[in-house]
**Student:** 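Below you'll find the structure I mean.
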Amino acid sequence: MAVERYNAPEREPHWQRVWEDADLFTAKTDSDRPKCYILEMFPYPSGRIHVGHSRNYTMGDVLARYKRAKGFNVLHPMGWDAFGMPAENAAMERKVHPGEWTRQNIAAMREQLKSMGFAIDWAREFATCDVDYYKHQQKLFADLLAKDLVYRKSSKVNWDPVDNTVLANEQVIDGRGWRSGALVEQRELTQWFFRITKYADELLEALGTLDQWPEKVRHMQANWIGRSEGALIRWALDKQTAPKGFKEVEVFTTRPDTLFGASFLAIAPDHPIAKAAAKDNPEIAAFAEECRRLGTSVADLESAEKKGIDTGIRVKHPFDADWLLPVWVANFVLMDYGTGAIFGCPSGDQRDLDFARAYDLPVIPVVLPPGADADAFEIGNEAVDGTGTMINSRFLDGLAPEAAFEEAISRLEKTKLGGKPAASRKVNFRLRDWGISRQRYWGCPIPIIHCDDCGVIPVPAKDLPVELPADATFDKPGNPLERHPTWKNVDCPKCGKAARRETDTMDTFVDSSWYFVRFTAPNAKTPVDPEAAAYWLPVDQYIGGVEHAILHLLYSRFFFRAISDAGHAPTGGANLREPFAALFTQGMVTHETYKSAKGAWLPPEAVTLEGDGNNRSARETETGAPVTIGSIEKMSKSKKNVIDLDAFIGNYGADTARWFVLSDSPPERDVIYTDVGVEGARRFVQRIWRLVNEMAEKSAAQGTEKPADFSPEATQLRRAVHKTLHNVGRNIEGLRFNVAVASLYELANILGSSLDKDSEGHPWALREAAEITVQMIAPMMPHLAEECWSRLGYNTLVTNQPWPEPEPALLVDDEITIAVQVNGKRRDELKIARDASKETVEAAALALETIVRVMEGRTPKKVIVVPQRIVNVVV
RNA sequence: GCGGACGUGGUGGAACUGGUAGACACACAGGACUUAAAAUCCUGAGACGGCAACGUCGUGCGGGUUCGAAUCCCGCCGUCCGCACCA
């Protein structure tokens, strides 16, 4: 009677082999069945997989297995986002080649993913550092260049003057280089850019069609693109004070209606006028220098204290040549946005107001809020926005801001300044072109040759790929390609003279902007196989972290369009512009952090925990030294709060890991890793195993004919099973895995109490229950499901079974329970036939003892009956 | 600074379009089985008051709309994420 425990770590590899031998997950282009492309954002091969990583692959896998059972031709591939900084850092620190480090990590991580039993088509696997991948990327680059979607311009980087190297934003800590500690400077470099702004309007417009994307992601992208309608206004410089060679300054504004509230102009520290002013004025030069020390991160720039310096330059107000305003250099004006110059209207903009108060500049209210008293109205420390009536604005007085906006622009369009209109309408985008140059080794080489005579020449197609040299050195900072003795020396393909290779490599976001296309035909001779792409794309469900909500997803949307327009469109793909039909952003797995007395992070396995609730404490297991329990954070190598997957699977098995990460927390939210949560998952694995074993003994034999009649309790069991089946299907499709899990727990409770019954049809109902239960858990705990399936007497694979369909008749109850309220407060409930008429329900409700008592003889004013939901008696 | 989200028992969370708040799980308490333990099974439980029947309160805080609000609207507080060279 007693069932042996299910030994997951021992049985799981067996089933993985069986699946592999049966070649179940290799996707074939097969037009008979509808296709379904499921993709999780591919991982960076950082070393080892921990339980945190496994969550989004598990989610994708559940969906892939479910869709497969539903009859879809599923594509579920895996690959590696293999270029990037960590490999280069490892090379410097451990003297191991980035390629070797990356390959080792990939090998380890591939084995770990396989041990999770994922239904992945491994035949399509590739890494972005494979020459066979990046050579196609170089071809795409060349084609984009030919289409004028790539260009060069000067742009700023973080420069470490001690290490003589370019730093990523994350390598700049408090304004200093992370290794050298030197104060970081901004430096201008000529770099490569993708013309993403050409697609700004389309990328914004098309967001409206992405109805299977989270609202918040679309919102974030819309804000990121930042379309705004306004005007370019030219301000004449006052001749007395203007730097030599400058006559005017152009300002972009979305609020031309507030022009009469202007009290100063502010320009970016690297605006040409600011640079000219700095030449003659050491104070301005010093200020600009200080601004440059802030690095290039927008977050740092904008959260820094607002500071400025008066240049002494004056400009004429566009509507009044006698009105002179000062020009300031300010640290919050960005050269990259608009024209790098703004006019400050302190009464209408909080940042301008703070600035005006700090430097004692005039504050003129120009918009009177509705209901405010015109004579007494003053601006305190809070600016007023939008709505109201224009005041102090001469010919605009009395207008609404929207009307004043139109009027101001119309007038300026007619006003001539140096023979040209003083202003023009302009749609401005916050989105900037995508800078892809990286001064690093471990990335896709940009296939360009620089010739002194011929200029910038693309590497001819016949000479591609441009491969990374294997023998680069990593013993010092800086770009190893730049200092490689021979690699960059090459003959100009045009004139044959000695020339130099481009030593910049591409941003790794380029690699990840089209890997999902390559998965559709990973061995194609051309970057894109138009037939395969047309068949598989778009990705039907894309799953990844919210941290990619903007950059990766926007770049991919752009790049897919750009390469389509450059000759790599899927067949008949004129309407296929969006690569990801549905997007799901999953939460992280978090874990407590532990710190030793010396302040070093400790991994969980080195720590022993004691007590509970508020009395928890921790010690180092080996030494007994006290440990500080830190905050709960996303699992990360740097804080060591990771649970390694191998150890986990060795203890509990993959199915427990899978079940745990699917349970409890809604998938879009973070889940906290706890040992007790894992124990819960492990117990459930055993419980299912016991249940199925007992059911196998007590149920009808396999293939028994369905009885004509079922006892009430057998019907009740069947109802529960079919309702669960309905819920699990619905919730897997909606990616509400935690809810699907909960309904399976609920069913397990019912199954447990249904075992020892033997009324009419019950054995058959039990067999049906066992089979459907096993099929329902199969996408989530596939190994256990196979084990159970064979225990039920099958020599087929449950993975190959079609998803069962619930019987509609079993989903609805004949008698239902509805709540009865008096004045909106629940007082009793009522059991009544499902199809009872409103009148019947009302009468039955009013007749309830509790209701009669609570009514105290009062007559109902109104009785609201919502069929099958609720009765509310209003007195 | 700008932009985005989230907030429900001791804990993780459920609640389809506004209709019985707290499903399910964890932790906890009591019981069964056992020489004992583990495992397993059964029972209980939002808070407060009451022996109980039952009553009152209750979804971060303050207002509003509605017969009815966790859900919709306005204001506040708190937490988390992104900000263009981390991936």
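We name chains A, B, ... by the order of the sequence lines, and we start the count at 1 in each one.
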**Student:** Thinking salt bridges, do A/K723 and A/D813 make one under a 4.0 Å N-O criterion?
**Tutor:** yes

**Student:** So does A/E93 have more than 12 non-hydrogen atoms from other groups sitting under 6.0 Å from CD?
**Tutor:** yes

**Student:** For a quick check of understanding: with a heavy-atom distance under 4.0 Å over all strands, which category does A/F509 fall into, base, sugar-phosphate or nothing?
**Tutor:** base

**Student:** Can you find a donor-acceptor N/O pair under 3.5 angstrom joining the side chain of A/E547 to the base of B/C83?
**Tutor:** no

**Student:** Taking protein heavy atoms under 4.0 Å as touching, what does nucleotides 3-10 of chain B look like 5' to 3' if B marks base contact, S marks sugar-phosphate-only contact and - marks none?
**Tutor:** SSS-S---

**Student:** With a non-hydrogen cut-off below 4.0 angstrom, is A/G84 in contact with a base, only sugar-phosphate, or nothing?
**Tutor:** sugar-phosphate

**Student:** Answer yes if the ring centres of A/Y134 and A/F83 are under 6.0 angstrom apart, and no otherwise.
**Tutor:** yes

**Student:** List for me each residue that meets side-chain hydrogen bond (donor to acceptor under 3.5 Å, both in side chains) alongside A/R227, sequence neighbours excluded, and say none if there are none.
**Tutor:** A/D201, A/E229

**Student:** Name the orientation class of the two ring planes belonging to A/Y199 and A/F558 (parallel below 30°, tilted from 30 to 60°, perpendicular beyond 60°).
**Tutor:** perpendicular

**Student:** Between B/U65 and B/U8, how many Å separate the two C1' atoms, rounded to a whole number?
**Tutor:** 22 Å

**Student:** Report which part of the nucleic acid A/G226 touches: base, sugar-phosphate, or nothing (heavy-atom distance under 4.0 Å, all strands).
**Tutor:** nothing

**Student:** Give me the distance, rounded to whole Å, that separates B/G13 from B/G62 when you measure between the P atoms they each carry.
**Tutor:** 24 Å

**Student:** Report which part of the nucleic acid A/A299 touches: base, sugar-phosphate, or nothing (heavy-atom distance under 4.0 Å, all strands).
**Tutor:** base

**Student:** Please classify the nucleic acid contact of A/V166 as base, sugar-phosphate, or nothing, using heavy-atom distances under 4.0 Å.
**Tutor:** base

**Student:** In terms of ring plane angle, is the pair A/Y555 and A/W434 parallel, tilted or perpendicular, where the classes change at 30° and 60°?
**Tutor:** parallel

**Student:** Within the 4.0 Å limit for protein heavy atoms, which parts of nucleotides 40-60 of chain B are touched? Write it as a string from 5' to 3', B for base, S for sugar-phosphate only, - for none.
**Tutor:** SS-------------SSS---

**Student:** Can you confirm whether A/D507 sits close enough to A/F194 that some side-chain heavy atom of one is under 4.5 Å from a side-chain heavy atom of the other?
**Tutor:** no

**Student:** Please identify which of these residues, A/V841, A/I870, A/V866, meets the side-chain contact (heavy atoms from CB on, under 4.5 Å) condition with A/I818.
**Tutor:** A/V841

**Student:** Within 45° of the six-membered ring axis of A/W213 and under 6.0 Å from that ring's centre, is NZ or CZ of A/R218 located there?
**Tutor:** no

**Student:** What nucleic acid atoms does A/V157 come within less than 4.0 Å of, heavy atoms only: base, sugar-phosphate, or nothing?
**Tutor:** base

**Student:** Starting from the 5' end of RNA chain B, give me the residue, A/G677 or A/Q191, whose nearest nucleotide shows up first.
**Tutor:** A/G677

**Student:** Tell me whether the centres of the aromatic rings in A/F684 and A/Y745 are closer together than 6.0 Å.
**Tutor:** yes

**Student:** Looking at every strand, decide which applies to A/S437 at a 4.0 Å heavy-atom threshold: base, sugar-phosphate, or nothing.
**Tutor:** base

**Student:** Does NZ or CZ of A/R430 lie under 6.0 Å from the centre of the six-membered ring of A/W224, at an angle within 45° of the ring axis?
**Tutor:** yes

**Student:** Would you say that A/E170 contacts A/M85 through its side chain, given a criterion of any heavy-atom pair below 4.5 Å between the two side chains?
**Tutor:** yes

**Student:** From NZ of A/K838 over to C1' of B/C67, roughly how many Å is that when rounded to an integer?
**Tutor:** 13 Å

**Student:** Could you tell me which non-hydrogen atom of A/I543 sits nearest to which non-hydrogen atom of A/N56, and how far apart they are?
**Tutor:** O-ND2, 3.8 Å

**Student:** Could A/E829 and A/R826 be called an ion pair, given the rule that one side-chain N must be under 4.0 Å from one carboxylate O?
**Tutor:** yes

**Student:** Tell me, do A/M41 and A/H548 make a side-chain contact under 4.5 Å, heavy atoms counted?
**Tutor:** yes

**Student:** Quick one: closest heavy-atom pair of A/P43 and A/M78, and the distance?
**Tutor:** CD-SD, 3.7 Å

**Student:** Round to a whole Å and report the spacing from CG of A/N105 to C1' of B/A87.
**Tutor:** 14 Å

**Student:** Distance between the C1' atoms of B/G9 and B/C24, in whole angstroms?
**Tutor:** 14 Å

**Student:** Starting at atom CG of A/L334, determine the distance to atom P of B/G1, rounded to an integer number of angstrom.
**Tutor:** 16 Å

**Student:** Do A/S180 and A/D160 come close enough that some side-chain heavy atom pair is under 4.5 Å?
**Tutor:** yes

**Student:** Expressed in angstrom and rounded to an integer, what is the separation of A/D433 atom CG from B/C85 atom C1'?
**Tutor:** 16 Å

**Student:** I'd like the C1' distance from B/A5 over to B/U43, given in whole Å.
**Tutor:** 41 Å

**Student:** Using whole Å, what does the distance between atom P of nucleotide B/C85 and atom CZ of A/R187 come to?
**Tutor:** 19 Å

**Student:** Is the terminal nitrogen or CZ of A/K306 (NZ for Lys, CZ for Arg) located under 6.0 angstrom from the six-membered ring centre of A/F355 and within 45° of that ring's axis?
**Tutor:** no

**Student:** Write down the distance separating the P atoms in B/C41 and B/C26, rounded off to the nearest Å.
**Tutor:** 10 Å

**Student:** Once Watson-Crick and G-U wobble pairs under 3.5 Å are found, how is RNA chain B written in dot-bracket notation, 5' to 3', with | for any base paired to another strand?
**Tutor:** (((((((..(((......[....))).(((((.......))))).((((....))))..(((((..]....))))))))))))....

**Student:** Taking the same atom, P, in B/G19 and in B/A25, what whole-Å distance lies between them?
**Tutor:** 24 Å

**Student:** Where does B/G9 land, syn or anti, given syn is within 90° of 0?
**Tutor:** syn

**Student:** At under 4.0 Å between heavy atoms, what does A/H548 touch on the DNA or RNA strands: base, sugar-phosphate, or nothing?
**Tutor:** base

**Student:** Nearest whole angstrom, please: distance from the C1' of B/A87 to the NE2 of A/H53.
**Tutor:** 10 Å

**Student:** CD of A/E679 versus C1' of B/A39: gap in Å, rounded?
**Tutor:** 12 Å

**Student:** Could you measure between the two P atoms, the one in B/A32 and the one in B/A38, and give it in whole Å?
**Tutor:** 15 Å

**Student:** Hey, what are the protein-to-nucleotides 19-23 of chain B N/O distances that come in under 3.5 Å?
**Tutor:**
| from | atom 1 | to | atom 2 | distance (Å) |
| --- | --- | --- | --- | --- |
| B/U20 | O2 | A/R826 | NH1 | 3.1 |
| B/U20 | O2 | A/E829 | OE1 | 3.1 |
| B/U20 | N3 | A/E829 | OE1 | 3.3 |
| B/U20 | O4 | A/T817 | O | 3.2 |
| B/A23 | O2' | A/E746 | OE2 | 3.3 |

**Student:** Expressed as a whole number of Å, how far does the C1' atom of B/C48 sit from that of B/G58?
**Tutor:** 11 Å

**Student:** In residues 658-668 of chain A, what residues come within less than 4.0 Å of RNA chain B, judged by heavy atoms?
**Tutor:** A/D664, A/S665, A/P666

**Student:** What is the distance, to the nearest angstrom, from the OH atom on A/Y337 to the C1' atom on B/A84?
**Tutor:** 15 Å

**Student:** How are the rings of A/F660 and A/Y673 set to each other: parallel, tilted or perpendicular (split at 30° and 60°)?
**Tutor:** perpendicular

**Student:** Please determine whether a side-chain nitrogen or oxygen atom of A/R438 lies at a distance below 4.0 Å from atom OP1 or OP2 of B/C85.
**Tutor:** yes

